[in-house]
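The first residue in the sequence is number 1, and the count goes up from there. What you see is a predicted model; the values in this text were computed from it and never measured. Atom set for the values below is all heavy atoms of this structure, side chains included, hydrogens, waters and symmetry mates excluded.
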Amino acid sequence: MNTLLKLTLPLTAAIILSACGSSSSTKPTTAPVKSETPTTPVTPTPGTPEPAAVHSIQPENVAQYIETFKRQYDALDLQIDGVKYDISYVDSDRDANVIYAKYDKGFLFFGFDFDDNQPIASLTVLETELDDINDAIAEPKAYLFGTGINTTSDDSDNIIYSGSINNTVGEYSVRLLINESLLSSGNSSIKVEGDTAKLNGELGSLTYVQLNDVINNQPAVKTLLLQSIGGSLNDDINMHTGRLIRNAQLVTKVESTSKIYSGGVDLYAAGFSRIYTPGAVVGVHSWCCNDAGKSAADLEKDDPAHGAQLTYFREMLGKELGPEFYFFTIDSAAFDSIHNMTQQELDKFLLIK
């Protein structure tokens with residue numbers, strides 16, 4: 001699994017998940033400020049060597065990467081008492097070794113040891129009609145607790161949890177199949193209204209699939225509005241999602257109630273031009289961790305682990321400003337914290353004019 005992740009905002013408790021954004025419908029009192037011209041990579045002067053491009057996923061391999069993801073994602077499966085359900089990622093708590101997922105009738109909590117990359121034989125089902133996991137935990141309809149849960153794996157790198165779940169009403173067989181695609185997918189959604197695509201959720205491989213579909217099948221879309229984005233679960237593909245935005249010459253926009261963090265800011269920076277509405281929250285921080293367990297802020301500036309991000313920001317913000325912005329983000333806050341950029345900082349890095 002990818003280890004070079006920009007972590008999303010930390011959980012406020014072991015189970016209660018922190019909110020990433022606001023759904024306020026308050027209209028901006030100040031007109032949006034638009035970056036009138038796109039920021040494109042600066043052409044190097046003669047005699048100035050251009051740094052070699054670095055990619056965690058080579059551009060020519062992205063299509064195959066996405067096809068593998070889609071195949072794995074389609075294999076995700078939950079069966080309760082013989083009835084099949086679709087599942088999708090919600091969040092994870094690496095300290096408590098728990099993954100949270102959503103299914104048609106509620107949510108799942110199941111164990112996973114992130115340090116050893118191994119499943120933990122525990123599974124709980126929360127039945128609810130509520131869409132928000134915080135609300136569901138506060139007002140649960142019913143809990144079903146796993147008993148005799150076993151974990152196995154198959155030849156396709158799928159992990160299978162099987163056993164029973166029960167409560168005072170009855171006992172039911174359960175079988176859950178997951179793989180790497182669940183953790184790298186994110187839970188983003190894109191809603192198209194006119195010439196604008198509205199993006200929300202945690203970013204991941206699913207975001208690339210969704211945005212690629214919009215670009216290829218809805219040519220009227222000219223603007224990507226980023227509303228509530230907690231971060232990216234898969235920076236390797238998120239950078240290629242940003243390249244989709246730039247290559248399609250989409251305008252990126254944040255409105256007064258937008259709250260975008262980490263990998264969401266990476267996508268905002270990819271806009272062919274950018275519209276910032278005063279009041280929007282643009283939050284940045286360091287990432288964690290490399291193979292040695294070090295965060296980006298603990299590495300020397302010439303460490304190879306910076307390479308892919310430096311390549312990306314050179315493409316989006318220019319040869320000089322791109323690296324400066326990247327190192328600003330990793331110095332601004334620890335990986336488990338956040339720094340909300342000031343208007344002066346947004347202006348300096350051409351995220352607002």
Side-chain angles (χ1 to χ4, degrees), residues 1-8 39-42 44 49-69 180-181 183-186 188 202-209 211-212 229-248 252 260-271 283-335 349-351:
M1 291 187 179
N2 176 29
T3 57
L4 300 180
L5 303 180
K6 282 186 180 176
L7 301 183
T8 56
T39 302
T40 54
V42 177
E50 184 72 15
V54 178
H55 300 283
S56 299
I57 304 172
Q58 293 301 320
E60 63 270 22
N61 295 333
V62 171
Q64 182 59 51
Y65 181 94
I66 290 298
E67 285 305 310
T68 299
F69 163 76
E180 185 177 352
S181 71
L183 292 178
S184 69
S185 64
S188 62
E202 305 294 337
L203 307 174
S205 301
L206 188 61
T207 315
Y208 183 99
V209 174
L211 187 58
N212 192 50
I229 300 177
S232 167
L233 297 178
N234 184 345
D235 271 0
D236 294 347
I237 200 64
N238 194 57
M239 287 182 277
H240 289 294
T241 304
R243 292 182 176 101
L244 287 179
I245 295 169
R246 177 59 62 90
N247 291 339
T252 53
I260 65 170
Y261 300 99
S262 194
V265 181
D266 296 356
L267 295 193
Y268 177 60
V284 295
H285 62 174
S286 182
W287 53 258
C288 187
C289 294
N290 69 357
D291 291 339
K294 291 185 177 181
S295 72
D298 295 326
L299 304 175
E300 298 294 332
K301 285 192 173 184
D302 60 354
D303 193 287
H306 296 303
Q309 295 275 358
L310 287 172
T311 295
Y312 177 79
F313 284 110
R314 286 190 190 100
E315 293 174 18
M316 302 306 158
L317 298 177
K319 177 183 174 182
E320 302 296 335
L321 194 62
E324 185 179 354
F325 175 68
Y326 169 67
F327 286 116
F328 159 77
T329 66
I330 65 176
D331 290 336
S332 65
F335 71 90
F349 294 111
L350 301 184
L351 300 179

Would L206 and F69 satisfy side-chain contact (heavy atoms from CB on, under 4.5 Å), going step by step from the backbone distance to the final call?
CA-CA 9 Å; L206 188 61; F69 163 76; 4.2 Å; yes
Ion pair present between R246 and E315, side-chain N to carboxylate O less than 4.0 angstrom?
no
Would you please test T68 and Y65 for side-chain contact (heavy atoms from CB on, under 4.5 Å) and show each step?
CA-CA 5 Å; T68 299; Y65 181 94; 5.9 Å; no
Result of checking S205, S184, S56 against D236 for side-chain hydrogen bond (donor to acceptor under 3.5 Å, both in side chains)
S56
In a check of side-chain hydrogen bond (donor to acceptor under 3.5 Å, both in side chains) between Y326 and each of H306, Q309, R314, which one passes?
H306
Distance from I237 atom CD1 to S185 atom OG, nearest 0.5 Å?
12.5 Å
To the closest 0.5 Å, what do you measure between CG (L267) and CD1 (I260)?
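One finds 8.5 Å between CG of L267 and CD1 of I260.
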Test F325 against V265 for side-chain contact (heavy atoms from CB on, under 4.5 Å), laying out the working first.
CA-CA 11 Å; F325 175 68; V265 181; 4.0 Å; yes
For the residue pair [X] and [Y], what are the closest heavy atoms and their distance?
{"X": "H55", "Y": "A53", "answer": "NE2-CB, 3.9 Å"}
{"X": "V284", "Y": "A333", "answer": "O-CB, 4.0 Å"}
{"X": "G318", "Y": "P323", "answer": "O-CD, 3.7 Å"}

side-chain contact (heavy atoms from CB on, under 4.5 Å) assessment of I330 paired with F335
CA-CA 8 Å; I330 65 176; F335 71 90; over 6 Å; no
